Amino acid sequence: MNGNRRGSQLLAEINSKLSHVIRNIGDVKGNGSAGAGDASGPVDVKAFQLATRLQTLIDPQELLEAILDTLIYVTGAERGFLMLVEEGRKLRFKVGRSIDQQKLHSENSRTSRSIIKQVITTGEPVLMNDTSEQGGSTSVRQLDLQSILCVPLRFGRRHVEMGADGSGVQEQVGGVVYMDSRRTRKEFGQAELALVRTLADQAAMAIENGRLIDQFRTHRERGEVDQGKITKLRENISRLLSVGRAISSTLIMDELFVLIVDNVLELTKAERGYLMLLDDDRKPVYKIGRAATKKGMIELEETKFFFSRTITSRALDEQRSICVTDAMGGDGGDASMSMMQMELQSVMCTPLREKGGTLGLLYVDSRATNREFEKSDIELFEALAGQAAIALRNAMLYEEAKEQERLKSELAIASQIQTDILPKITPEVEGLDVYGYFKPAKEVSGDYYDFLLDASKPGQALTVAIGDVSGKGVPAGLVMVMARCFLKSLVSHYGPTNPRETLAHLNSILCQELKPGMFMTLLLIGWDATTQSLRYSSAGHEHIIIHRQSTGQVEKRKSGGAPLGISESSTSLLKDNDLDLAPGDTAVLYTDGVTECMSEDEEEWGMDAFLETVGAHGHQSAKELVDVILGKLVAHRGRADPSDDVTMVVVKRT
């Protein structure tokens, strides 16, 4: 019944460590950090506020402090500092938390210096999540550091001089953010790394905006540019800051679409614009189209929005902005025909790129002969697209987090329903000592056990059921709940002495209800105190383990039968069997999660260990035996996560 145990782990991946910003915000706040929560918990509103605030700050020092505070908050780091590459390619300490420049030098931390040099040189982050195992220096050991995280501040691809080889294009690393944490505080992982990388890219954009403003102020004070350029630059800076605030004000995707397109139309003075996002197959999907009219912005339906598909394809294929200003020639190439047919004078299209990936496209066009896009329009268009991409990524991840929160809530409800239908109390029945245990590996399980009393013989008759549905998670849980409802009615009708008839009718029902590939194993044991008889019938379930009190021997009895829900013809394999238990004898029923319990080294507990445990402790009460077996499973599993559901029922003659 293990199925694709190692491969599927259906719900484990739902709550796994998040590699995206908003997912991580819920996760990285635990383990002694500034907040609480896990990967599937609620979105951290303060973290969102800190991140989006970065695009609204103008003062350079205030911005750098906000960047460092944001990264320390969302990772739970204990210390941190930010350094920037300035004139002469010198790396300079700018701001720190719980560490200053003097303290950094006094620590003589070779590790810190080598890590920072590596990040600056390669442009790639460094994560040391266990310095004791990764060769930490003496200073690191003296500080008792557990984890170190250092990420680059990347200012995008730029044209740079390449010595004798001329010029080329490189990713410019303009600084680093370094954080660490002691063993008593926090261990960084991949979740923190992914989060910090994304926020660092957003911070780099904010720093670039700040530098642009500083350059503008310097040029203006020196009188190095004419008034027309000053006015143009001031307007562009003001517009970008305004747009940054606007598109950072919402995480609702539909609202964000409107804000982005409306703002780009206003900035470029284009007549129409649209936004497309790439689907899972990397194909662009139309999300919104808007047009600027004398009465204001209006929305355009997809079927009525005709555009140059050649230009959009080129922008995606070449991963660059395309600007066409002459339908009769120029850069448009074979796009000019569609432009002429639509009477378009100018078109701009740019990929929406974030962290090296492409989210979609932003497109604007104009039919006005007096509105041709210029170089400054393209630069402004690209700058806005960069801000829009960050906002879109945040909104996407926010929606993923909210969806995850919704799924968690639904799973919690399903888990509660499943728990509610399991036996609330262990029944007291003459001649038997019974006890059951159920522990799902995830929120919802396909395992099942039940004690079904015979109302006509109170305290005298009982049917014990244990089953396992193929697969994991919600689908298996739904089948289990459905089977339990039918089983309760059938047992009430046929009684504890006819387990085969009960299974036969349940098989007929499940064959009609289950999807192909799904099935259920089930074992029923019926007890009648008036006749002192135990009868069982099995539908392909696990062996029955029997401990003989008189000899201390353990038997492994094959239960037989075929799983329910596959074929009605398998009913012929169902049989009634007598279970001969003398007073003091014990029968142990279980699902495969017991014998296939996995250790950290991916070794199963196994049948031999199971039989040995039952042999050594089978003389104990039903509950005591279950507790002993569980203790063995926990010890074997160690720190490994449960690989399967664990269900057991012990039936002991008294």
Side-chain angles (χ1 to χ4, degrees), residues 423 425-438 449-454 457 459-467 495-500 521-561 575-595 597 605-633 635-636 646-654:
I425 59 174
T426 300
E428 294 184 3
V429 181
E430 181 182 336
L432 289 185
D433 172 22
V434 297
Y435 188 77
Y437 174 85
F438 165 78
Y449 88 92
D450 212 346
F451 298 126
L452 304 170
L453 294 167
D454 189 338
K457 297 180 179 180
Q460 298 288 310
L462 173 71
T463 296
V464 177
I466 185 169
T497 58
N498 294 286
R500 179 197 176 280
T521 67
L522 188 61
L523 173 63
L524 300 180
I525 296 180
W527 163 254
D528 190 337
T530 59
T531 60
Q532 296 288 292
S533 64
L534 280 165
R535 303 195 80 191
Y536 74 90
S537 185
S538 172
H541 198 68
E542 305 291 334
H543 303 299
I544 301 174
I545 308 302
I546 301 173
H547 176 267
R548 300 297 182 184
Q549 178 70 17
S550 60
T551 64
Q553 297 298 308
V554 178
E555 302 172 10
K556 183 174 66 173
R557 181 176 298 186
K558 186 175 182 180
S559 61
K575 297 179 180 179
D576 279 328
N577 306 276
D578 291 327
L579 184 60
D580 53 331
L581 295 185
D585 289 352
T586 300
V588 182
L589 317 179
Y590 62 98
T591 59
D592 61 354
V594 174
T595 55
C597 172
W605 190 47
M607 180 59 72
D608 290 343
F610 187 27
L611 295 176
E612 181 181 347
T613 302
V614 174
H617 300 275
H619 62 281
Q620 296 180 251
S621 70
K623 183 180 185 308
E624 289 171 341
L625 180 55
V626 168
D627 289 342
V628 169
I629 296 172
L630 288 177
K632 297 285 187 179
L633 292 178
H636 176 77
V646 172
T647 304
M648 286 184 287
V649 176
V650 173
V651 178
K652 188 180 187 68
R653 279 291 310 273
T654 59

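All values derive from a computational prediction rather than experimental measurement.
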Verify whether one side chain among Arg653 and Gln549 offers a donor that lies under 3.5 Å from an acceptor in the other. no

Please report the shortest heavy-atom distance between His619 and Lys652, naming the atom on each side. O-NZ, 3.6 Å

Is the shortest side-chain heavy-atom distance between Phe610 and Val588 below 4.5 Å? yes

Check whether any side-chain heavy atom of Val650 sits under 4.5 Å from a side-chain heavy atom of Thr586, and report yes or no. yes

Looking only at heavy atoms, what is the nearest atom pair of Trp605 and Lys632, with distance? CZ2-CB, 3.6 Å

What are the two closest non-hydrogen atoms of Tyr590 and Met648, and how far apart are they? CB-CG, 4.2 Å

Between CZ of Arg557 and CG of Asn577, what distance do you get to the nearest 0.5 Å? 8.0 Å

Has the side chain of Thr595 got a donor or acceptor atom that lies under 3.5 Å from a matching backbone atom of Gly606? no

Min side-chain heavy-atom separation Asp454-Thr463 under 4.5 Å: no

Heavy-atom distance under 4.5 Å between the side chains of Asp450 and Pro423, does that happen here? yes

Of all heavy-atom pairs between Ala622 and Asp433, which one has the smallest distance, and what is that distance? N-OD2, 3.0 Å

Does some side-chain heavy atom of Val464 sit less than 4.5 Å from a side-chain heavy atom of Ile466? no

If you count every heavy atom of other residues, nucleotides or ligands that lies below 6.0 Å from Glu428 atom CD, does the total exceed 12? no

Provide the closest heavy-atom pair for Met607 versus Ile545 in the form atom of the first, atom of the second, distance. SD-CD1, 4.2 Å

When you measure from the side chain of Ser559 to the backbone N and O of Ser538, does any donor-acceptor pair fall under 3.5 Å? no

Please walk me through it: do Leu524 and Leu522 pass side-chain contact (heavy atoms from CB on, under 4.5 Å)? CA-CA 7 Å; Leu524 300 180; Leu522 188 61; 4.2 Å; yes

So Leu462 and Phe451, do their side chains get closer than 4.5 Å, heavy atoms only? yes

In short, Pro496 meets Pro499 closest at the heavy-atom pair O-CD, 3.7 Å

For Trp527 and Val429, what are the C-alpha separation, side-chain angles and deciding distance, and is it a side-chain contact (heavy atoms from CB on, under 4.5 Å)? CA-CA 9 Å; Trp527 163 254; Val429 181; 3.6 Å; yes

Note, Arg548 side chain near Leu581 side chain (heavy atom, < 4.5 Å): yes

Quick one: do Tyr449 and Tyr437 satisfy ring pair (Phe, Tyr, Trp, His ring centres under 6.0 Å)? Show the steps, please. CA-CA 8 Å; Tyr449 88 92; Tyr437 174 85; 8.6 Å; no

My understanding is that only one of Asp585, Ile544, Ile546 makes a side-chain contact (heavy atoms from CB on, under 4.5 Å) with Glu555; could you say which? Ile546

Given side chains that start at C-beta, do those of Ile525 and Arg535 come closer than 4.5 Å, heavy atoms only? no

Is Ser537 reaching over with its side chain to a backbone N or O of Lys575, donor-acceptor style, under 3.5 angstrom? yes

Between His541 and Thr521, does the side-chain hydrogen bond (donor to acceptor under 3.5 Å, both in side chains) criterion hold? Intermediate values first, please. CA-CA 5 Å; His541 198 68; Thr521 67; 2.9 Å; yes

Evaluate the side-chain contact (heavy atoms from CB on, under 4.5 Å) criterion for residues Leu523 and Leu589: first the C-alpha distance (whole Å), next the side-chain angles of each, then the deciding distance (0.1 Å), finally the verdict. CA-CA 8 Å; Leu523 173 63; Leu589 317 179; 3.7 Å; yes

Hey, does the side chain of Asp576 reach the backbone of Arg500 with a donor-acceptor pair shorter than 3.5 angstrom? yes

